[in-house]
Amino acid sequence: MTMISAAGFYKTCEWVTKFSLVNVYWLATISPLLFLGGVTALTGGGALWLAALAAASMLAPFLFFPATAALFASVRTFIVDEDKGDSLKQFIRYFKENYRQAWQAGLLLTTLWVIWGIDYFYFFITDHFLLVTFLLFGIPLYLFTIYVFMVMSHFRITLRDIYKRAFYFTFGAPLTSFFILSLTFMLIFIGLSGWTFLLIFFGGSLIAFVSFSTFYKKVLNLQSKQAST
């Protein structure tokens with residue numbers, strides 16, 4: 001019993017370390033964006049706020065998207081048993097391998113999110129009813145963005161095919177999308193409800209884990225159905 005408990009404790013510590021390290025690598029890579037986000041939060045308007053927001057929007061495709069693609073690819077190795085042990089080397093390798101596709105996808109997705117954000121603030125000022133309605137459009141955009149990262153990390157396909165598959169999963173797999181949306185929002189809510197350390201050390205990696213685990217089950221299910229036909 002003691003040996004089993006010791007083994008279980010060691011395994012738990014190993015997984016906690018893996019998730020925390022990958023999350024730290026991700027945060028370190030996007031640290032310029034976090035700084036700009038802090039500036040926008042503290043200023044709350046004016047020329048400095050606008051400049052920081054514009055700079056963050058321009059940097060996002062080249063920092064946030066490649067870093068997040070590397071985060072999802074790293075977490076994927078934990079799930080499909082392809083972990084090579086050195087988490088930093090893995091993160092750097094995936095960052096380099098997916099960089100081109102990630103920043104190209106980031107250009108489109110950043111544009112869509114900027115348009116959504118502008119409309120959000122416009123309706124926030126002018127019409128609260130339309131604001132609530134427009135908020136709903138952010139849900140499929142969020143899911144589409146998450147699916148782009150997961151498809152990119154799991155398949156070696158063209159960017160056009162990544163968009164196609166991400167679009168299919170967003171609208172063609174409602175149950176999978178519901179679970180991903182529910183689990184990720186629950187993690188964010190817990191983190192914002194006083195468990196700040198959870199967001200700092202595990203936020204990104206846990207969201208990637210629960211999202212990709214759900215996505216991977218759906219992929220295996222689809223592959224099983226295709227094989228049986």
Side-chain angles (χ1 to χ4, degrees), residues 22-23 25-34 36-37 53-80 82 90-120 136-174 176-177 179-181 183-185 187-188 203-216 218-219 222:
V22 171
N23 204 76
Y25 303 149
W26 176 64
L27 289 176
T29 308
I30 65 170
S31 56
L33 293 173
L34 296 176
L36 291 170
L53 198 61
S57 300
M58 289 186 287
L59 281 177
F62 306 101
L63 280 182
F64 177 80
F65 286 91
T68 307
L71 171 71
F72 272 83
S74 296
V75 171
R76 173 191 173 275
T77 64
F78 305 158
I79 298 169
V80 301
E82 292 181 3
Q90 279 191 158
F91 185 88
I92 293 173
R93 178 163 67 88
Y94 291 132
F95 183 86
K96 291 179 178 178
E97 285 180 357
N98 296 326
Y99 189 81
R100 183 182 178 85
Q101 277 193 334
W103 75 255
Q104 288 176 338
L107 289 176
L108 172 65
L109 291 169
T110 300
T111 301
L112 292 175
W113 277 110
V114 167
I115 293 172
W116 183 87
I118 291 172
D119 288 335
Y120 170 83
L136 297 176
F137 288 105
I139 294 176
L141 181 56
Y142 171 78
L143 287 168
F144 180 74
T145 303
I146 290 287
Y147 279 124
V148 166
F149 289 128
M150 293 189 290
V151 172
M152 186 181 298
S153 67
H154 192 60
F155 299 101
R156 292 293 176 263
I157 54 179
T158 65
L159 185 59
R160 183 177 180 181
D161 287 332
I162 288 173
Y163 288 147
K164 285 181 179 179
R165 295 198 186 190
F167 186 85
Y168 162 76
F169 281 108
T170 301
F171 297 100
T176 302
S177 295
F179 278 119
I180 289 174
L181 189 68
L183 291 170
T184 57
F185 274 32
L187 287 173
I188 294 170
S205 56
L206 280 180
I207 287 174
F209 179 77
V210 298
S211 299
F212 192 88
S213 296
T214 309
F215 165 77
Y216 188 54
K218 180 63 177 180
V219 169
L222 290 174

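Predicted model, so just to flag it, every value in this text is computed and none were measured.
In summary, the side chains of S74 and W26 do not present any donor paired with an acceptor at a separation below 3.5 Å, with no hydrogens or angles considered.
Here the two rings, on F209 and F78, have centers that are 6.0 Å apart or farther. The ring of Y163 has its center no closer than 6.0 angstrom to the ring center of F167. Y142 has its ring centre less than 6.0 Å from the ring centre of F185. The distance between the ring centers of F149 and F65 falls below 6.0 angstrom. Ring centers of Y147 and F144: at least 6.0 Å apart, outside the cut-off.
Here the side chain of Q101 pairs a donor or acceptor atom with the backbone of I157 at under 3.5 angstrom. A donor-acceptor pair under 3.5 Å is formed between the side chain of S177 and the backbone N or O of F169. Panel note: side chain S213, backbone V210; no donor-acceptor pair is recorded below 3.5 Å. A donor-acceptor distance shorter than 3.5 angstrom exists from the side chain of S153 to the backbone of M150, with no hydrogens or angles considered.
Within 6.0 Å of atom CZ in F155, more than 12 heavy atoms from other residues, nucleotides or ligands are found, so the atom counts as buried in its surroundings. Heavy atoms from other residues, nucleotides or ligands lying under 6.0 Å from CZ of R160 number 12 at most. For F62, the CZ atom is densely surrounded, since the number of other residues' heavy atoms within 6.0 Å is greater than 12.
Residues L159 and A105 share a closest heavy-atom pair of CD1-CB, 3.8 Å. When all heavy atoms of S205 and V75 are compared, the pair lying nearest together is O-CG2, 3.9 Å. Residues T110 and A60 share a closest heavy-atom pair of OG1-CB, 3.9 Å. The shortest non-hydrogen separation linking V114 to S57 is CG2-OG, 3.8 Å.
A heavy-atom distance below 4.5 Å is found between the side chains of I207 and I188. Using a 4.5 Å heavy-atom cutoff, the side chains of T29 and F91 are in contact. At a threshold of 4.5 Å between non-hydrogen side-chain atoms, the residues N98 and P66 do not count as touching. Side-chain contact between M152 and F72: absent, with no pair of heavy atoms (C-beta onward) separated by less than 4.5 Å. Residues L143 and F171 have side chains not in contact (no heavy-atom distance under 4.5 Å, counting atoms from C-beta outward). Contact of the Y216 side chain with the R76 side chain is not registered, since no non-hydrogen atoms from C-beta on lie closer than 4.5 Å.
In this structure, CD1 in I146 is found 10.0 Å from OG1 in T170, a value given to the nearest 0.5 Å. Put simply, CG on L109 and CD on Q104 are 12.0 Å apart, with the number rounded to the nearest 0.5 Å. Between L107 atom CG and L112 atom CG the span is 11.0 Å, to the nearest 0.5 Å. Separation of atoms CG (L53) and CG (L36) is listed at 9.0 Å; rounding is to 0.5 Å.
Of the residues listed (I180, L181, L206), the one engaging S211 in a side chain to side chain contact (heavy atoms under 4.5 Å, CB included) is I180, and it is the only one.
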Go through the steps to decide whether Y168 and V151 satisfy the test side-chain contact (heavy atoms from CB on, under 4.5 Å), and finish with yes or no. CA-CA 11 Å; Y168 162 76; V151 172; over 6 Å; no

Show, in sequence, the C-alpha distance, side-chain angles and deciding distance for T77 and Y94, and conclude whether the side-chain contact (heavy atoms from CB on, under 4.5 Å) test is met. CA-CA 11 Å; T77 64; Y94 291 132; 3.1 Å; yes

